[in-house]
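Here's the structure, in structure tokens; my notes come after.
Chain naming here is simple, since letters A, B, ... match the order of the sequence lines and numbering starts at 1 in each.
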Number of protein chains: 2
Amino acid sequence: MGVVERKEREKELRSESIIDAAERIFFSKGFEHATMNDVAEEAELSKGALYLYFHSKNELCMAILQRSLLILKNKMTILHDDNILTGIEKFARLARLFIAFAKEYPNHYNSFLSYREHRGNCPATGKVIKGTNEENKKINRIISDIIRMGKADKTINKDIDADKLSLALWGNFTGIMPSSILHDRSSLDYNPEEVIKYHFELLINAIKA
Amino acid sequence: MGVVERKEREKELRSESIIDAAERIFFSKGFEHATMNDVAEEAELSKGALYLYFHSKNELCMAILQRSLLILKNKMTILHDDNILTGIEKFARLARLFIAFAKEYPNHYNSFLSYREHRGNCPATGKVIKGTNEENKKINRIISDIIRMGKADKTINKDIDADKLSLALWGNFTGIMPSSILHDRSSLDYNPEEVIKYHFELLINAIKA
DNA sequence: ACAAAAAAATGACCGTGGGTCACTTGGTGA
DNA sequence: TCACCAAGTGACCCACGGTCATTTTTTTGT
């Protein structure tokens with residue numbers, strides 16, 4: 001009988017429902033002001049139970065980041081697997097995709113930006129940390145694949161370094177918006193969306209064959 | 001008699017020496033693990049006294065960020081004021097300047113990346129928050145000025161939008177390195193330095209007249 | 001020179017919240 | 001029916017951010 005398997009499934013479900021609860025609480029109160037008791041109550045569990053699934057508040061936060069990466073990766077995979085668009089067209093759509101993600105999941109997008117603090121407070125050997133590393137790697141792989149497609153179909157300059165450019169773009173995505181927030185709102189003439197688009201335009205101009 | 005003035009100067013000095021202490025403590029222990037008692041001891045003051053100068057631990061952290069911005073701005077001002085280099089040359093040197101800053105002041109560079117959390121927990125009306133906004137604005141002003149210089153001396157395409165590109169670059173700087181850190185070290189073939197340089201090369205290629 | 005007043009600094013104290021652990025609950029298999 | 005064990009509980013511990021009545025130091029007025 002599949003008791004062990006069922007238990008494993010249930011454990012996975014519990015874990016997911018805790019992350020659901022944590023998202024609602026963290027996103028509405030912010031990391032510092034949210035308490036583990038809040039999360040426990042929202043998840044209809046005791047505080048102690050949370051610690052059966054996650055080692056710390058920080059790790060729970062990283063689990064949310066892992067989800068964010070997963071959502072984005074799934075969006076990107078669809079673009080990647082399209083077989084009508086050319087490489088450079090896909091590359092151009094990455095800009096739109098990033099913007100759409102940030103608009104559709106603003107809280108998840110935010111989770112990219114505060115991950116460092118949390119990450120530093122989690123054991124590097126943990127399952128969650130490894131998961132985020134994995135997703136991150138896959139995302140960079142998708143971007144660089146798209147660039148390589150462009151090189152293959154001659155829509156992108158063959159001398160472009162796909163891996164390096166992929167990292168640059170990804171870094172840019174996780175940094176460009178916060179900069180504009182630090183910038184005083186009232187004096188910000190351009191919204192992040194325009195800035196990202198413009199940046200991509202320039203890059204496209206630089207890399208097109 | 002200048003008693004009031006002297007007091008003001010002394011107050012400023014105390015404030016600076018508290019930030020000195022906070023830097024040593026925060027940089028060595030990390031924000032979460034550092035305590036206000038640690039900072040007080042390092043600053044040779046009581047905990048209560050810290051709160052005469054800063055409203056909260058978060059605000060103290062923002063004061064460090066303000067310093068980081070100031071250091072970077074000073075480096076950039078020198079480049080900006082140079083009157084031999086052409087606009088595009090200055091633009092190209094920005095990449096080196098960013099990298100040099102991140103290498104010379106790695107901890108200060110890090111402070112850029114976790115500012116969101118702290119910022120959200122400070123009253124927006126505070127002196128420190130306003131100070132960081134101010135510095136940030138000046139930095140963007142310097143970058144866009146450099147681009148404008150390039151347009152004036154015809155080394156940069158006149159159709160480039162200086163303000164937008166400035167924001168894009170600044171965002172990139174505050175995002176590109178953390179991305180590479182999230183990326184699993186062992187499988188990272190390029191270091192952040194290479195990535196920044198390459199990204200700039202492409203941009204230069206796109207914007208040169 | 002001295003005391004009253006003001007400013008600066010102190011540190012005991014408070015409340016909160018992350019994290020723990022001895023104990024309870026409830027499903028499972030013999 | 002009962003022994004077992006994983007799952008879950010919540011009272012408890014204690015570290016730490018922040019406060020404030022009190023003390024110490026400096027300034028001001030005479």
In terms of side-chain heavy atoms of B/K47, which of C/dG19, C/dT10, D/dG18 is nearest?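 The closest nucleotide is D/dG18.
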
Ranking C/dT10, D/dT9, C/dG18 by distance to the side chain of A/S46, first place goes to D/dT9

Kindly indicate whether the side chain of [X], heavy atoms from C-beta on, has any atom under 4.5 Å from the side chain of [Y].
X      : Y      : result
B/E134 : B/Q66  : no
B/I143 : B/M76  : yes
B/E104 : B/I71  : no
B/K57  : B/F31  : yes
A/F54  : A/S15  : yes
B/D82  : B/M149 : no

For a side-chain contact (heavy atoms from CB on, under 4.5 Å) with A/M62, tell me which candidate from A/H55, A/H118, A/R67, A/K127 qualifies. A/H118

Counting only heavy atoms and a strict 4.0 angstrom limit, can you tell me which residues of [range] come near DNA chain D?
range                       : answer
residues 10-20 of chain A   : A/K11, A/R14
residues 30-37 of chain A   : none
residues 48-59 of chain A   : A/G48, A/A49, A/L52, A/Y53
residues 120-130 of chain B : none

Taking atom [atom1] of [X] as the centre, report whether more than 12 heavy atoms of other residues, nucleotides or ligands fall under 6.0 Å from it.
X     : atom1 : value
A/E41 : CD    : no
B/E10 : CD    : yes
A/H80 : NE2   : yes

Who passes side chain to side chain donor-acceptor pair (under 3.5 Å) against B/K73, sequence neighbours left out? B/E135

Examine A/F101 together with A/Y105 and report whether their ring centres are nearer than 6.0 Å. yes

Between the opening five pairs and the closing five pairs of the helix from C/dA1-D/dT30 to C/dA30-D/dT1, how far apart are the helix axes, to 10°? 0°

So which atom in A/L97 and which in A/K75 form the shortest heavy-atom distance, rounded to 0.1 Å? CD1-O, 3.6 Å

Under a plain distance cut-off of 3.5 Å, with no hydrogens placed, do A/T35 and A/D38 share a side-chain donor-acceptor pair? yes

Please state how far atom NE2 in B/H118 lies from atom C1' in D/dG17, giving the value in whole angstrom units.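 After rounding, the gap between these two atoms is 14 Å.
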
To the nearest angstrom, how far is B/E8 atom CD from C/dA8 atom C1'?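 It is 15 Å, rounded to the nearest whole Å.
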
With a 3.5 Å distance limit and no angle check, can you tell me whether A/R24 reaches the backbone of A/A43 through a side-chain donor-acceptor pair?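 It does not hold such a pair.
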
